[in-house]
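One structure below.
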2 protein chains.
Amino acid sequence: MTHEFPPPSSDKAQLEESGVLSPRFDDKGLVTTVVTDARDGMLLMVAHMNAEALALTLETGIAHFWSRSRASLWKKGEASGNVLMVREMRVDCDQDALWLKVEVDGAGATCHTGRRSCFYRIVEVADGQPTLRKAGN
Amino acid sequence: MTHEFPPPSSDKAQLEESGVLSPRFDDKGLVTTVVTDARDGMLLMVAHMNAEALALTLETGIAHFWSRSRASLWKKGEASGNVLMVREMRVDCDQDALWLKVEVDGAGATCHTGRRSCFYRIVEVADGQPTLRKAGN
């Protein structure tokens with residue numbers, strides 16, 4: 001598959017209602033990607049894709065990202081075995097965000113801390129100050 | 001509530017395991033925010049918060065964002081009535097993403113197109129080319 005996508009239309013209706021995937025990559029060439037569990041909808045992680053990662057994901061059905069910290073293409077789970085198999089991909093209205101519904105292979109831990117989800121802390125406000133509490137799930 | 005948050009710790013364990021909310025705002029002062037429906041977990045939208053929007057959200061329980069297109073603070077639903085009432089907020093491991101579980105007021109349309117969710121198109125591959133198909137939900 002080509003690693004090039006058509007440029008986003010300047011026509012808002014075209015961008016929002018057409019059948020053309022034309023991601024609005026940001027000034028770093030990235031698009032925000034939300035990953036949820038296809039089974040129960042749990043939010044697992046948020047990451048970023050460049051055009052190559054998106055093309056590889058579409059081609060293979062396995063989630064690829066761009067690692068901003070390592071500045072390299074990142075086949076999620078390549079080392080850990082927790083590969084993300086994409087069951088459905090969606091794009092949002094203005095095409096600057098993607099949504100992957102996945103099944104997690106391996107131990108089922110998407111977060112690098114070994115947890116199922118990266119979102120394991122709840123933000124609460126106590127005495128006017130935000131604090132974090134670890135969630136049960 | 002103060003609109004200032006402590007700077008992110010350079011100690012990874014502190015950032016990932018502590019009870020201190022220290023968002024890693026990007027070079028534009030923004031943190032990615034994922035919004036899901038508290039009732040059924042449907043992904044509704046992805047937006048961005050600056051420190052002021054985050055503080056106002058924590059203070060009022062109503063989702064506020066930073067509108068990148070309008071370059072202004074954005075109380076979501078202020079005009080449409082589709083205000084987002086935050087039932088739970090979470091932060092991810094490295095504190096560069098937030099998750100809001102919300103109840104949507106008004107007509108229940110989070111997307112500016114009038115739809116419930118911004119993610120109304122499924123990305124499919126046909127003959128090696130990605131295309132978009134409108135989803136039933």
Side-chain angles (χ1 to χ4, degrees), chain A residues 1-2 5 16-23 26 28 32-34 36-37 40-43 45-48 54-55 57-59 61 68-69 86 88-101 111-113 115 117-125 128-135, chain B residues 1-2 5 16-23 26-27 32-34 36-37 40-43 45-48 54-55 57-59 61 68-69 86 88-101 111-113 115 117-125 128-135:
Chain A
M1 182 177 293
T2 174
F5 295 89
E16 295 178 354
E17 303 296 339
S18 83
V20 179
L21 177 64
S22 55
D26 68 11
K28 297 184 179 75
T32 302
T33 306
V34 174
T36 64
D37 192 312
D40 64 1
M42 176 72 184
L43 177 60
M45 63 183 288
V46 173
H48 297 82
L54 175 54
T57 301
L58 288 168
E59 203 171 283
R68 296 184 300 176
S69 57
V86 180
E88 186 178 290
M89 182 189 291
R90 293 195 182 196
V91 65
D92 76 343
C93 46
D94 61 357
Q95 303 207 29
D96 68 352
L98 296 168
W99 174 18
L100 308 182
K101 300 182 190 180
C111 184
H112 76 284
T113 65
R115 295 173 175 95
S117 164
C118 295
F119 291 86
Y120 50 84
R121 285 176 295 181
I122 299 173
V123 183
E124 295 179 327
V125 178
Q129 288 301 316
T131 55
L132 303 181
R133 177 173 64 81
K134 286 188 180 160
Chain B
M1 182 178 296
T2 174
F5 295 88
E16 295 177 355
E17 303 296 339
S18 83
V20 179
L21 177 64
S22 54
D26 68 11
D27 53 6
T32 302
T33 306
V34 174
T36 65
D37 192 312
D40 63 1
M42 176 71 184
L43 177 60
M45 64 183 286
V46 173
H48 297 80
L54 174 54
T57 301
L58 288 169
E59 202 171 284
R68 296 182 301 175
S69 57
V86 180
E88 185 177 290
M89 182 189 292
R90 293 194 183 197
V91 66
D92 77 342
C93 46
D94 62 356
Q95 303 208 27
D96 69 352
L98 296 168
W99 175 17
L100 308 182
K101 300 183 190 180
C111 184
H112 75 286
T113 66
R115 294 173 174 95
S117 164
C118 295
F119 291 84
Y120 50 84
R121 287 176 295 182
I122 299 173
V123 183
E124 294 179 329
V125 178
Q129 288 300 317
T131 55
L132 302 181
R133 177 173 64 81
K134 286 187 181 162

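As the structure is a computational prediction, the values presented were derived from the model and not from experiment.
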**Message:** Applying side-chain contact (heavy atoms from CB on, under 4.5 Å) to B:Asp27 and A:Lys28, what does each step give before you reach the verdict?
**Reply:** CA-CA 12 Å; B:Asp27 53 6; A:Lys28 297 184 179 75; 3.1 Å; yes

**Item:** Contact leader toward chain B among A:Asp96, A:Thr32, A:Val91, A:Asp94, where contacts are heavy-atom pairs under 4.5 Å
**Value:** A:Val91

**Prompt:** What part of A:Glu124 gets closer than 4.5 Å to chain B, counting heavy atoms only: side chain, backbone, both or neither?
**Reply:** neither

**Complete:** Looking only at A:Ser117, A:Gly41, A:Ala97, the option with the highest number of non-hydrogen pairs under 4.5 Å against chain B is A:Ala97

**Item:** Residue A:Met45 versus chain B: region with a heavy atom under 4.5 Å
**Value:** neither

**Item:** Side chain proximity check, B:Leu132 to A:Gln95, heavy atoms < 4.5 angstrom
**Value:** yes

**Message:** On a heavy-atom basis, which atom in B:Arg90 and which in A:Tyr120 lie closest, and how many Å separate them?
**Reply:** NH1-CA, 4.5 Å

**Request:** Can you tell which part of A:Arg121 gets under 4.5 Å to a heavy atom of chain B, answering side chain, backbone, both or neither?
**Result:** both

**Request:** Give, as side chain, backbone, both or neither, the part of A:Thr113 having an atom under 4.5 angstrom from any heavy atom of chain B.
**Result:** side chain

**Request:** Identify which part of A:Glu16 has an atom lying under 4.5 Å from any heavy atom of chain B, answering side chain, backbone, both or neither.
**Result:** both

**Message:** Using every non-hydrogen atom in the two residues, find where A:Phe119 and B:Leu98 come nearest and quote the distance to one decimal.
**Reply:** CE2-C, 3.9 Å

**Message:** Taking side chain as everything from C-beta outward and backbone as N, CA, C, O, which of these in A:Lys101 sits under 4.5 Å from a heavy atom of chain B? Side chain, backbone, both or neither.
**Reply:** neither

**Prompt:** Would B:Arg133 and A:Glu88 pass as an ion pair if we require N to O under 4.0 Å?
**Reply:** no

